[in-house]
J.: 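Take this structure first; my questions come after.
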Protein chains: 2
Amino acid sequence: MGDDLASAAVPAHTSVARGSRNDNTRRHNLSSLLTAVHYGGPLTRAQLTRDTGLNRSTIGGLVTELAQLGLVVEDAAAETGAVGRPSLIVRPRRDVAALALHPDVDAIELGAVAIDGTVLARRRASVDAPPTPQDAAAFAWEAAREIADELAGLRVVGAAAAVPGLVAVDSATVVDAPHLGWRGVDFRELLAEALTLPVVVGNDANMGLRAEWSFGAARGVDTVVYLNGSASGIGGAALVGGRMLRGGRGYGGEFGHMMIRSDGDRCSCGRFGCLETELNAERLDAAAHDDAALDVLAATLAAAIANLECAFDPDLVLLGGYLGALYDVRRGLVDARVAELAFRPEAEDVAIARTALGGNRLLIGAAERAFAALLQDPAGVPLVAL
Amino acid sequence: MGDDLASAAVPAHTSVARGSRNDNTRRHNLSSLLTAVHYGGPLTRAQLTRDTGLNRSTIGGLVTELAQLGLVVEDAAAETGAVGRPSLIVRPRRDVAALALHPDVDAIELGAVAIDGTVLARRRASVDAPPTPQDAAAFAWEAAREIADELAGLRVVGAAAAVPGLVAVDSATVVDAPHLGWRGVDFRELLAEALTLPVVVGNDANMGLRAEWSFGAARGVDTVVYLNGSASGIGGAALVGGRMLRGGRGYGGEFGHMMIRSDGDRCSCGRFGCLETELNAERLDAAAHDDAALDVLAATLAAAIANLECAFDPDLVLLGGYLGALYDVRRGLVDARVAELAFRPEAEDVAIARTALGGNRLLIGAAERAFAALLQDPAGVPLVAL
DNA sequence: GTTAAAATGTTCCCGCAGAAAACATATACC
DNA sequence: GGTATATGTTTTCTGCGGGAACATTTTAAC
């Protein structure tokens, strides 16, 4: 009740909130239904009626419209054994998809991901040198053609790219991706031209968290801190009250550059004692069979988590990549240190967990980002044959 | 365009979003209008029409309803010199108010704040020892009676308390307010019983930022980090994409306990090198005429700001209390250090500013919190004669 | 001073969205 | 096979905003 108001965005200020009309209502309800079957898997009409609080007749009309838009199908109900007329099952259509691109230092990957989160097809190319934006766009075009041949009849909502680096708030410009060597590139335009599709570009850690939130270890949790250790450093992202932390310019969540040791080593970013320098892949490899060294690294991780906890008070801290691996081998130590350092009353421990999705995480997360527009306005976003 | 989707909360997941009905539309539009005149000051009907995009006739009906609810009044238009029929001016009514309570170590204060942000009346009592919750509630009752006599005809939406300590996400329980010695107190119930009003309880730093956002130095900015130095330590709060950072349990934004020196002193919270220990009021006092010592403290502040920037990427960092004072005397040093440490591309500097509201900040912020329910549903929240 | 133009308020009617009720249908249970 | 139960379907109703026509109030032009 009151809690929602505690964090609620108050509409106006400089700009007055747009007025709402009847068609907003319709859009909102279509969005609620499509979103529900997107995340919740197949749901019966009856469940949708109960969950939304809308009338049976209204649900009927909405589902019909979603079906006419080609977004969902209705199956005969599974035998439930319950009394009463069986309810039709509403499923998102698997031929509705998004393209997801992940250019990285050693490979480029493109996948087609269905609206139910399934990866339908993927193409991967290893590269010797980090790809240029043009390389990435060219690969995307070729891979998309192959996938189009493989999966006939796919209807695509757009494409999204998960880039390891800073992406501006416009979801278009790669401001600085040091490991790729991209700086100030309007990759959205490049990719959109190559694919002739609407494109959004985002930070890879953000998309990783998005995927885990939608279909992985953070399902249903709405306050999450995410830390992912990879060859290109530590990527961070946060979900705050059900919304992705973005920041004013799009650079929020860079927890890899949180200062964790004031007398630490110089980081590639120019500062000292950054988490991603104190706790990097090489140090972890070097400590692989050195118990004491592993303990030190685990303590560093715990200190970082404690710091993030007092800033974000998350319900869940999600660890991926080599940080997840470190957590696996030093779970007791990390948990204990975090509890010891925890600012909160000790009874209320914070959950720490490993990521659940494997190698498809970024593809799924990027696709999620591409689907966002459709989920928000199912009748307003056109689907394109791939 | 795409930016909104980048952070947008996707409705469903475990719980499907409630369906929307026509009366939601009405509620939304009433809310938009009341919110607009609340923050934007008096506005003409014509301006409301333009800003909301709603029809003239609709605005007419909505304003009439708000007037009938006793929330706004319409004045004759000021002479504008423009051609055409003059538009009526819509103002929030000043006799609509909220009570705001601030119990602190050395004093208790209660104020009546009008919906336009004006502090109509206040009562303050100095105390020798920190007040108990019962003391605070008793004072609130007495002060409220006095104010009721002073301001006849006031209609009150409720009361809010700004407490220096951890407040649970239920907006009721003071989990731990170390300086007051309150632990696990349901202060909402206590105060609601004393005042016979709906009550919300919140953290003082959160309410301080809320006030600055509504009427102070953070107006119209929707990504803000707030640091306030006071006798009871450093309070922190953040506004993330137009929403107050709250955290899973309500303990988010405790930036005073961010680790800023790994070999620092032990903090009262049990950890080492917390910002509020490394940069506390005594150290600042002691450094008052010691340039080198001030430089060190300013550098500490800059390091904290840089750390928060890479986590939140705020549009504005707002400094209050002794941190504001320190910033005033070492502005150049802090700005330079922050720019040097900034993770973002150097061209995009982050604004740092002092708080603008004075001693009324917490009263205004708490009142804002109390008004939130009314602003969200103008027709659904009853007003009570004080 | 009268008239025209412009901007806004007001009134009335329309279309759209969801609610509610009546009816139809499909299952389980007896 | 009959009944209770749950759900889908159809029809009717209400509420809300849009839009057009009209009324009102001002400035500007002559």
J.: Can you measure A:Arg56 atom CZ to C:dA22 atom C1' for me and round it to whole angstrom units?
T.: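 Between C1' of C:dA22 and CZ of A:Arg56: 11 Å.
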J.: Looking across every strand, which nucleic acid part, if any, lies under 4.0 Å from B:Arg26 by heavy atom: base, sugar-phosphate, or nothing?
T.: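 The residue B:Arg26 makes sugar-phosphate contact but no base contact.
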J.: If I take atom CG in residue A:Asn55 and atom C1' in nucleotide D:dC13, what distance separates them, rounded to the nearest angstrom?
T.: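 About 13 Å, once rounded to whole Å.
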J.: Looking only at side-chain atoms of B:Thr58, point me to the closest of C:dG18, C:dG15, D:dG18.
T.: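 Comparing C:dG18, C:dG15, D:dG18 against the side chain of B:Thr58, the answer is D:dG18.
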J.: With sequence neighbours excluded, what pairs up with A:Val119 under the side-chain contact (heavy atoms from CB on, under 4.5 Å) test?
T.: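 Listed in chain order: A:Val113, A:Arg122, A:Asn360, A:Ile364.
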J.: Count the heavy atoms belonging to other residues, nucleotides or ligands that lie under 6.0 Å from CD of B:Glu189, then report whether that count exceeds 12.
T.: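 Atom CD in B:Glu189 is not crowded, with 12 or fewer foreign heavy atoms closer than 6.0 Å.
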J.: Please enumerate all residues that pass side-chain contact (heavy atoms from CB on, under 4.5 Å) together with B:Asn55, with sequence neighbours excluded.
T.: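 Applying side-chain contact (heavy atoms from CB on, under 4.5 Å) to B:Asn55 gives B:Ser57, B:Thr58.
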J.: Once you round it to whole Å, what is the distance between P of D:dT7 and CG of A:Leu43?
T.: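 The answer, rounded to whole Å, is 13 Å.
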J.: Taking atom C1' of C:dC16 as reference, at what distance in whole Å does atom CG of B:Asn24 sit?
T.: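 In whole Å, C:dC16 C1' lies 16 Å from B:Asn24 CG.
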J.: So does B:Asn29 get a side-chain nitrogen or oxygen closer than 4.0 Å to the phosphate oxygens (OP1/OP2) of D:dG17?
T.: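 Yes, B:Asn29 has a side-chain N/O under 4.0 Å of OP1/OP2 on D:dG17.
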J.: From CZ of B:Arg85 over to C1' of D:dT25, roughly how many Å is that when rounded to an integer?
T.: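 For the pair B:Arg85 CZ and D:dT25 C1', the rounded distance is 6 Å.
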J.: Just compare C:dA19, D:dT25, C:dA7 and give me whichever is closest to any side-chain atom of B:Val83.
T.: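 Closest of the options to the side chain of B:Val83: C:dA7.
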J.: If I take atom CG in residue A:Asn22 and atom P in nucleotide D:dT14, what distance separates them, rounded to the nearest angstrom?
T.: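 These atoms are roughly 17 Å apart.
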J.: Under 4.0 Å between a side-chain N or O of B:Thr80 and OP1 or OP2 of D:dT26?
T.: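 No, because none of the side-chain N or O atoms of B:Thr80 sits under 4.0 Å from OP1 or OP2 of D:dT26.
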J.: Taking the side chain of B:Leu88 as its heavy atoms from C-beta onward, which of C:dG9, C:dA20, D:dG19 lies nearest to it?
T.: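 Minimum distance to the B:Leu88 side chain belongs to C:dG9.
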J.: Which nucleotide in the list D:dG8, C:dG9, D:dT25 gets nearest to the side chain of B:Arg45?
T.: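 The listed nucleotide nearest to B:Arg45's side chain is C:dG9.
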J.: May I ask you to verify whether the side chain of A:Ser57 and the base of C:dA20 hold a donor-acceptor pair under 3.5 Å?
T.: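 Such a pair is found, so the answer is yes.
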J.: Closest heavy-atom contact between A:Phe371 and A:Val96?
T.: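 Smallest heavy-atom distance, with atoms named: CZ-O, 4.1 Å.
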J.: Do the side-chain N or O atoms of A:Arg50 get closer than 4.0 angstrom to the phosphate oxygens (OP1, OP2) of D:dT7?
T.: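 Checking D:dT7 against A:Arg50, a side-chain N or O does come within under 4.0 Å of OP1 or OP2.
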J.: In whole angstrom, give the distance that lies between atom CD1 of A:Ile89 and atom C1' of D:dG8.
T.: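 In whole Å, D:dG8 C1' lies 15 Å from A:Ile89 CD1.
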